[in-house]
Visitor: 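This is the structure I want to talk about, given as structure tokens.
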Amino acid sequence: MKCSFLRRLLAVALPLAAVLVPAGSAAADDPMCSLPSVGDVYAYQQAPEASVLTGRVTPKAGCPSTGILTAVRSGEQIFFGDAMFEVPLGTQSGDWYLSSFTVHDVASGTSQTRTFQPVAPYLLRVLDQTRITSTAPASYVGYGDLVTVSGYLEGWTAADGWRRMPGRDLSITTGNGVDGHPNVPTVTDASGAYRLDVRIYNSFAGSVVFAGDERWLGSSGFNDAQVHGLVSVSVSDRTPAVGQRVVVTGKVAPGAVPVWVERRVGTQWVKVTATVAAGADGRYRLTYRPDTRGVQQLRVWNDGTEPQSRMGVQPYVKEFELAVHR
């Protein structure tokens, strides 16, 4: 296989630049620049017209990386960068292995290198690719609501093109992977499709994952569902006097999110209380002193789980009124 100019440059420069870093160095202590524990080395044909197989080393390092693939029989080497490589079309599983992997710490100017033998998981696996098509419509639902997810799984081979894959194990996400909400298993039916109802607790949950196996590359589908928080409100006095303290309590879901009260002034909503963090159980307590008489429109604001990105669980509100007298 012909090498690009970058590959030829890497072949010369990288072995000279790789420095083994002793324990306790800045790069070794930085978890973003540490050598990952290699889990898989695989390649697949990205498209019918592809002239090479595209490969990856997983997981990818958090910092710039380079590596060397070595042919098991001939000893030929391919140098690559950023955990991605190419091997000739027609390559078989076990023809190559990851013989060296290096992570570069740009800040300190040092590198860490590890070498491997031609055994699993460092042996190259050549896989057929799969894809998941979601047929579930986009939706806007409350935290923990039941939603219907559906779609189908397909696999591609050079001989048959794309074909539905029946009887395959899938996993439906219900949370973000760290919030304690487990995935729900399911299996594609005789037509390669899946359809089930699941409760979701995070935006874009309800997506489906095919883990892959010794022949098929794993894949995942996308779900457009947006999940908003929940809010309940209890007011100590809905007809208070001007200046009287009103206690606003209730529960939000999920718990441990920022909560406050806003008042409608003209066409704008104005924050009128301090921000409090709801407890882990979702309970909150806020106080408000009205300063004018008349009917006031207010709302409790649940700020959701990711205020900066507005991903995760979206904000939500619960409105209420006070009839304030002198």
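Every heavy atom of this structure was used, including side-chain atoms; hydrogens, water molecules and symmetry mates were not.
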Visitor: Measure from NZ or CZ of Arg263 to the centre of the six-membered ring of Trp269 and say whether it is under 6.0 Å with the direction within 45° of the ring axis.
Guide: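 No, a cation-pi geometry is absent between Arg263 and Trp269.
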Visitor: Can a donor-acceptor pair be found between the side chains of Gln244 and Tyr288 at a distance below 3.5 Å?
Guide: no
Visitor: Tell me whether Lys60 is salt-bridged to Asp82, with the criterion being a basic N under 4.0 Å from an acidic carboxylate O.
Guide: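 Salt bridge: yes.
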Visitor: Under the 6.0 Å and 45° cation-pi test, does Arg164 pair with Tyr152?
Guide: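 Yes, a cation-pi geometry.
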Visitor: Are Asp281 and Arg283 ion-paired here, with the side-chain N under 4.0 Å from a carboxylate O?
Guide: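 Salt bridge between Asp281 and Arg283, a charged N being under 4.0 Å from a carboxylate O: yes.
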Visitor: Measure the acute angle between the ring planes of Tyr122 and Phe116, then classify it against the limits of 30° and 60° as parallel, tilted or perpendicular.
Guide: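 Because their plane-to-plane angle is under 30°, the rings of Tyr122 and Phe116 count as parallel.
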Visitor: Are any of the side-chain nitrogens in Arg73 or Asp95 under 4.0 Å away from the carboxylate oxygens of its partner?
Guide: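 Result for this pair is yes, salt bridge flagged.
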Visitor: Working to the nearest 0.5 angstrom, can you tell me the gap between Thr186 OG1 and Arg168 CZ?
Guide: 14.5 Å
Visitor: I'd like to know if Arg125 and Asp213 make a salt bridge, using a cut-off of under 4.0 Å between side-chain N and carboxylate O.
Guide: no
Visitor: Give the intermediate values and the outcome of side-chain hydrogen bond (donor to acceptor under 3.5 Å, both in side chains) for residues Ser65 and His104.
Guide: CA-CA 6 Å; Ser65 64; His104 305 277; over 6 Å; no
Visitor: I would like to know whether His181 and Asn183 meet side chain to side chain contact (heavy atoms under 4.5 Å, CB included); could you show each step before the answer?
Guide: CA-CA 7 Å; His181 298 290; Asn183 292 353; over 6 Å; no
Visitor: Checking Thr239 against Asp237: is there a side-chain donor and acceptor pair closer than 3.5 Å?
Guide: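 Judged by distance alone, the side chains do pair up.
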Visitor: Does a donor on one side chain and an acceptor on the other come within less than 3.5 Å for Thr135 and Ser150?
Guide: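 Indeed, the side chains of Thr135 and Ser150 share at least one donor-acceptor pair under 3.5 Å.
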Visitor: Do NZ/NE/NH1/NH2 and the carboxylate oxygens of Arg199 and Asp145 come within less than 4.0 Å?
Guide: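 Salt bridge between Arg199 and Asp145, a charged N being under 4.0 Å from a carboxylate O: no.
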Visitor: For the residue pair Tyr143 and Tyr201, does the interplanar ring angle fall in the parallel (under 30°), tilted (30 to 60°) or perpendicular (over 60°) class?
Guide: perpendicular
